[in-house]
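Just follow the structure's listing: the first ligand is 1, and inside any ligand the first atom is 1. In what follows, every heavy atom counts, from backbone to side chain, and hydrogens, waters and symmetry copies are set aside.
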Amino acid sequence: MELSKELLIDLYTTMVRIRRCDEKVIECLFAGKLITFYHSCQGQEAPGTALGRSLRKDDYLYYNHRGHGLPKVLPKGMSPKTFIAEHYGRATGAAKGYAGFHNCDIEIGIPGMGGMVGGEATLAAGTALACKLRGKGQVTANMFGDGATGRGPFHEAMLMSATWKLPLIWCVENNRYQQWTCISLTHPKEDLADFAHGYGIPSAVVDGQDVIACYEALQPAIERARAGKGPTLLEFKTYRFRPHVEGFPDFSVQCEGGCRPEFEVEEWKKRDPIKLMEATLLEKGVLTEADIERIHREATEEMEEADRFSADSPWPDPKGLDQALYAD
Ligand SMILES: Cc1ncc(C[n+]2csc(CCOP(=O)(O)OP(=O)(O)O)c2C)c(N)n1
Ligand SMILES: [Mg+2]
């Protein structure tokens, strides 16, 4: 699959914007400006970027707590202003500042998340059923962590989606950890994509650090869903560069042999998705060093502006709590 120059630049720029936005949220958090905590998505920008950029505006996209959806909602069209303002708890935020990190926007097909790991799976089956019944070629995608595949809702919804041939793209970001527990203690097999065999649906294991590989893997899965042929399970092998949640020590010892050794983090940083794409685009002659410098500078300025916008935004009116709810 040959991706256009414009698309390659767009995928790269989107990942840089996500990284800068993530860094800005962390900076604001430690400056005491936010009403919430934060689960950084650094290192995991590629799968969500590829997914968000592949979906239509009227497709549904569910995300989990990692980056509070940032690497999915920004590529699907949410502004960093809306995202950061929500963390500030301001009325201009995604959930009008009422929810702190709940980055929903139904106008662009983002119903939001709940606090329960794997909880979006059954909701995704619900919107996928709605997509099918409407008959407009809409699809639903659900991107979640390896931890969610250990929960009942994921398997119940997988079974239903396979049996009813729902237009669903199941995307697991396998970063090998669930908070402070290594996957070797929770899952018997290396590849979570193998779960698909039991449900009789196609699957693939994808290099989650390579945004081009992610994009290419998603296209047939989305086409299959749009064509009414049913769901696909894609497993993106990836890694988070920062602690599970900011401010908590990360190198605990819940795993045999010690959990998440520092050298492992350093090894994975050599496969930073942004650096990998940068090298590819320089090699292909799609971007110059000057272009890269400009893209980073513009992303930094965009996030500074989003920070100022958020800080200057009004607090929500406590009486308007019901306005943050929606029904369809
Ligand atoms: C049902 C449920 N159990 C436990 C938790 C606490 N919890 C929050 S995030 C998390 C880790 C989830 O791991 P994973 O799905 O792999 O996502 P990752 O953090 O690695 O991105 C856990 C256990 C929760 N929110 N919901
Ligand atoms: Mg995980």
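- Comparing V117, T149, V245 by heavy-atom distance to atom 5 (C) of ligand 1, the nearest is V117.
- Looking at E173 against ligand 1, nothing comes within 4.0 Å, counting heavy atoms.
- With a 4.0 Å heavy-atom cut-off, ligand 1 is reached by the backbone of D146 and by its side chain too.
- Listed for the Y239 side chain is no donor-acceptor partner under 3.5 Å among the backbone atoms of Q44.
- Nearest to atom 25 (N) of ligand 1 among the protein's heavy atoms is G115 O, 2.8 Å.
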Test side-chain contact (heavy atoms from CB on, under 4.5 Å) on L70 and E45; report intermediate values, then the result. CA-CA 9 Å; L70 174 64; E45 290 88 353; over 6 Å; no
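- Of the possible donor and acceptor atoms, none in the side chain of T149 sits under 3.5 Å from a partner among the backbone N and O of G145.
- Inclusion of Y177 in the first shell of the Mg ion (ligand 2) is supported: an N, O or S atom falls under 2.8 Å.
- Atoms of ligand 1 found under 4.0 Å from any heavy atom of A148 (numbered from 1 in listed order, with element): 15 (O).
- Heavy-atom contacts of R151 reach the following atoms of ligand 1: 1 (C) (cutoff under 4.0 Å).
- The NZ atom of K237 lies 6.0 Å from the CG atom of L192; values are rounded to the nearest 0.5 Å.
- Ligand-side atoms of ligand 1 in range of N175: 18 (P), 20 (O), 21 (O), range being under 4.0 angstrom from any heavy atom.
- Restricting D146 to its N, O or S atoms, the one at the least distance from the Mg ion (ligand 2) is OD1.
- Among the backbone and side-chain atoms of N175, an N, O or S atom lies under 2.8 Å from the Mg ion (ligand 2).
- In the vicinity of G145, heavy-atom distances shorter than 4.0 Å reach the ligand 1 atoms 14 (P), 15 (O), 16 (O), 17 (O).
- Of the residues listed (N175, I18, V25), the one engaging C41 in a side chain to side chain contact (heavy atoms under 4.5 Å, CB included) is I18, and it is the only one.
- Between E266 atom CD and F241 atom CZ the span is 9.5 Å, to the nearest 0.5 Å.
- Under 4.0 Å from ligand 1, not a single heavy atom of H39 appears.
- Each of R271, R176, R66, Q209 was checked for a side-chain hydrogen bond (donor to acceptor under 3.5 Å, both in side chains) with T238, and the lone residue meeting it is Q209.
- Of the heavy atoms in Y177, only backbone atoms (N, CA, C, O) come closer than 4.0 Å to ligand 1.
- Ring centroids of F37 and H39 are separated by less than 6.0 Å, placing the two rings close together.
- In terms of modelled atom types and a separation under 3.5 Å, the side chain of Y88 and the main chain of S313 share no donor-acceptor contact.
- Atom 3 (N) of ligand 1 lies below 4.0 Å from none of the non-hydrogen atoms of the protein.
- Every atom of ligand 1 is numbered from 1 in the order shown, and the set under 4.0 Å from a heavy atom of M116 is 1 (C), 26 (N).
- Summary of contacts: the protein heavy atom closest to atom 14 (P) of ligand 1 is G147 N, 3.4 Å.
- With H65, Q179, R240, Q178 as candidates, the residue nearest to atom 18 (P) of ligand 1 on a non-hydrogen basis is H65.
- In this structure, H87 has its ring center under 6.0 Å from that of H68.
- Between C21 and I84, the closest side-chain pair of non-hydrogen atoms falls below 4.5 Å.
- Among protein heavy atoms, the minimum distance from atom 21 (O) of ligand 1 is reached at R66 NE, 2.9 Å.
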